[in-house]
Amino acid sequence: MAKEFVVGIDLGTTNSVIAWVKPDKTSEVIANAEGARTTSSVVSFSKTGEIIVGEPAKRQAVLNSDRTIRSIKRKMGTDSKNSIDGKDYTPQEISSYILRKMVKDAEAYLGGTIKKAVITCPAYFNDAQRQATKEAGQIAGLEVLRIINEPTAAALAYGLDRKNDEKVVVYDLGGGTFDVSILEIGDGVIQVVSTNGNNHLGGDDFDKRVVDWLADNFKKEHGVDLRNDRQALQRLYEAGEKSKIELSTKMEADISLPFITATAEGPLHLEAKLTRATLESLVRDLVESTRGPVENALRDAKLNPSDINEVLLVGGMTRMPLVQQMIKTIFKKEGNKSINPDEAVAVGAAIQSSILSGEMGKDVVLVDVTPLTLGVEVKGGLLEPIIERNTPIPVKKAKVFTTAEDNQTEVEVRVYQGERKIASQNHMLGSFRLVGIMPAPRNIPQIEVSFDIDTDGIVNVNAKDLGTGKEQGMVVTGRNKLDPTEINKMVEEAKRNEEDDNRRKQEIEMKNQADNLVYSIEKILKENGDKIPGDLRSKVESLKNDLRDAVNKENIQRIKALMEELNQESMKMGEYLYKQPNANQDQQTPQNGDQNGPKTEDGNTYTAEYEDVK
Ligand code: AMP
C-alpha cells in the first residue's frame with residue numbers, strides 16, 4: 001500500500017507553497033514539477049481544453065489572458081464565476097486546480113499519496129471564505145484537517161511555540177492581502193490576541209503603481225495607452241513585478257519590452273529605467289497604509305510597540321526595504337527575516353498538520369480570535385453581546401432570554417456583529433424565527449440562544465425553547481460578513497460614538513425597566529387590587545398610567561421621575577399586601593429589574609439574565 005503523507009499548504013493569492021514534516025521532525029518545502037519552491041496561483045485553460053497551473057500558466061498568460069485566472073483568492077467565498085467555453089467555474093474549483101497540482105507534484109516527490117492537509121487563510125477571512133477554502137481542498141480530494149490563520153502558522157514555523165511569555169507581531173504583506181496579528185506565546189500555547197489588516201492590499205497593488213507609471217510615461221511619449229491593450233498590459237504587469245523585486249536588492253532596474261504595441265507607423269518598444277527612489281515614491285502611501293492596522297492591532301491587544309519582543313516578517317513584499325524601514329520606525333527594532341518569508345506559512349501549516357495527525361507528539365494549541373462582537377437584538381433594539389470581540393476560538397457561549405409579551409409564541413433571533421450598543425447600527429448577519437413557544441406570561445419562557453464558532457471560524461447560531469425543547473438555528477453565511485476594512489471602520493465608528501451610544505443605551509434600559517414596572521404593577525392590581533385601600537390604589541394606578549404614557553412618548557426625564565415615585569408607592573402597596581394573611585411573596589413583588597423581555601420591532605423579544613454555558 002502506498003505510504004500516506006500529511007502536508008501543509010499555503011494557498012496564496014499570488015503564490016502557493018506546500019510543505020511537510022519529515023520523519024526526523026524537520027520541515028521541508030516541496031518543490032513542484034518545474035523545480036520551484038513556490039507555485040504561481042494561476043490557472044489557465046488552453047484552447048484545446050487543457051488546464052494549466054502555476055508557472056506555465058503564468059508564462060502563457062500574455063497570449064491567453066482572457067482564459068487565464070489569477071488572484072482567485074480574492075474571489076473566495078463570493079458567487080463570482082469564471083466562464084470558460086460555456087462552463088462556469090467557482091473560485092473554489094479554480095483553487096482546487098492549484099491544490100491538485102501541488103499535491104500531485106508533492107506525491108511524485110514523496111513517493112506516496114497525500115490524503116490530508118492543513119490549509120491556511122488570512123486571519124480576517126470570513127466564514128464564506130474559510131468554507132470556500134475548505135471546499136477547494138475537498139474538491140482537490142483532500143481531507144482538510146483544519147483551516148488555520150496564516151500568521152499563526154508563521155509563528156509555528158519560527159518555532160515560537162517553544163518560547164515563553166513572548167509578545168509577537170506577525171506582519172504579513174503578500175501578493176494580495178495584508179495581515180497583522182499580535183500573538184502571545186507561552187507554555188506551548190500560541191494565542192492570537194488581536195488581528196487586523198486589509199485583504200485588498202498586497203504586492204499586486206504595488207505592481208499596478210509601476211504599471212501605471214510605465215503606461216503614463218509611454219502615453220506621454222507615444223500617445224498610446226497600453227492599458228487598453230490586454231496583452232500589452234499583461235507584459236507591463238510582469239515587467240512591473242520583476243523590476244519591483246529587483247529593486248529590493250538593486251538601486252536601479254532596466255525595463256525593456258520590445259514590440260509592446262504597434263501603430264500605423266510601425267512597432268513601438270518600451271524602454272525604461274526605474275530607480276528604487278522612484279519606486280518608493282510611487283508606493284509610499286501603500287506602505288504607510290499598513291501602519292493604521294498595526295496600530296489598531298496593538299491597541300486591541302492593549303500593548304505598546306515597546307512591549308513587542310519580536311516582529312516576524314511574512315510574505316514576499318516584506319523583502320522590500322521600504323517596508324522593513326517602516327516596521328523599524330514603528331517597533332524600533334528590525335523585523336525577523338530568518339525564515340524565507342514566502343515559505344514560513346506553509347512550513348507552519350505542515351507543522352500543524354503533523355501535530356493534528358499525531359506525528360509530532362506534542363500538543364501545541366492554536367488559538368484564534370473573533371474580530372468583532374457577536375450578539376442578538378433585545379428589547380428596545382439593544383445589542384446583547386454573546387461572544388465578545390477578540391474571544392479565542394473555538395468557542396461556544398449561550399445566554400438565556402425570555403419573551404417581552406404575554407402569550408408570545410415565537411421570537412425572531414436577529415444576529416448582529418459589531419461594537420455599537422444599538423443593534424441596528426451593527427452589521428446584521430441574519431435572522432431566524434423560533435416558533436412554537438408554549439403560551440405563557442412574559443418573562444416566563446426560557447429561550448437559550450447559543451453561538452458556536454468552530455476552529456475554522458464558522459459560526460452556528462441556535463435558539464432553543466428550554467420549555468418545549470424546540471430549536472431552530474442557522475449557519476452564518478459569509479455573504480453577509482465583513483472584510484477587514486469594514487471591520488476597522490466599524491470599530492472606529494463605535495469608538496467615536498461611544499458616549500452617545502452609552503447614553504442611548506441607558507435610556508433604552510430605563511424605558512425597558514419602566515415598561516416592566518408598568519407590567520408588574522398592572523399584574524398586582526389585577527390580581528390583588530381589591531386588597532389595597534382605594535386612595536393608594538388610585539394613586540398607583542394614575543402614576544402607572546402616567547409612566548406608560550411617558551414610555552410611549554420616550555420622555556426620559558419624566559420616566560425617571562415617575563419610576564422613583566411609583567417605586568415608592570408600590571413599596572407601600574407591597575408592605576400593605578404582606579401584612580395580609582396568605583401573602584405570597586413571589587406574586588406580590590413588583591419587578592422593575594433588568595430581567596426583562598426586550599421588544600423588537602415586531603413585538604418579539606428576549607431578555608438577558610442568564611448564565612454562560614461552558
Ligand atoms: P506571497 O503572497 O507571500 O507569495 O508574496 C508575493 C508578493 O511578494 C508578490 O507581489 C511579489 O511580487 C512580492 N515579492 C516577492 N519577492 C519580492 C522581493 N524580493 N521584493 C519585493 N517584493 C517581492
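Both counts, for ligands and for their atoms, begin at 1 and track the order of listing. Model, not experiment: these values are computed from the prediction.
Side-chain atoms of Y171 do not come within 3.5 Å of backbone N or O of V323 as any donor-acceptor pair. Using modelled atom types, no side-chain atom of R70 and backbone atom of T14 make a donor-acceptor pair closer than 3.5 Å. With hydrogens and angles disregarded, no donor-acceptor distance shorter than 3.5 Å links the side chain of N198 to the backbone of F178.
Checked against N32 for a side chain to side chain donor-acceptor pair (under 3.5 Å), the options T38, T39, D105 give a single hit: T39. Remark: of the listed residues S95, S71, S16, S16 is the sole one forming a side chain to side chain contact (heavy atoms under 4.5 Å, CB included) with S41.
The side-chain tip of K3 points at the ring of F5 from less than 6.0 angstrom away and within 45° of straight on.
Atom 16 (N) of ligand 1 has as its closest protein heavy atom R319 NH1, 3.2 Å. Shortest contact from atom 23 (C) of ligand 1 to any protein heavy atom: G316 O, 3.2 Å. In terms of protein heavy atoms, atom 2 (O) of ligand 1 is closest to G175 N, 2.9 Å. For atom 10 (O) of ligand 1, the nearest non-hydrogen atom of the protein is K244 NZ, 3.0 Å. For atom 21 (C) of ligand 1, the nearest non-hydrogen atom of the protein is S248 OG, 3.2 Å. For atom 4 (O) of ligand 1, the closest non-hydrogen atom of the protein is N15 ND2, 3.2 Å.
The closest approach between a heavy atom of I245 and any atom of ligand 1 is below 4.0 Å.
Nearest to atom 6 (C) of ligand 1 by heavy-atom distance, out of T14, V314, T38, is T14.
Short contacts between ligand 1 and E241, defined as distances under 4.0 Å to a heavy atom of the residue, involve ligand atoms 9 (C), 11 (C), 12 (O). Less than 4.0 angstrom separates some heavy atom of G315 from each of these atoms of ligand 1: 3 (O). Here is the list of ligand 1 atoms found below 4.0 Å of a heavy atom in G174: 1 (P), 2 (O), 3 (O), 5 (O), 7 (C). Using a 4.0 Å cut-off to heavy atoms of G203, the atoms of ligand 1 that qualify are 10 (O).
For a threshold of 3.5 Å applied to N or O pairs, the pair formed by M317 and ligand 1 contains at least one separation below that value.
What you find for L156 and I351 is that their closest heavy atoms are O-CD1, 3.6 Å. The heavy-atom pair separating F206 from M317 by the smallest distance is CD2-CE, 3.5 Å.
Other residues, nucleotides and ligands contribute at most 12 non-hydrogen atoms within 6.0 Å of the NZ atom of K242.
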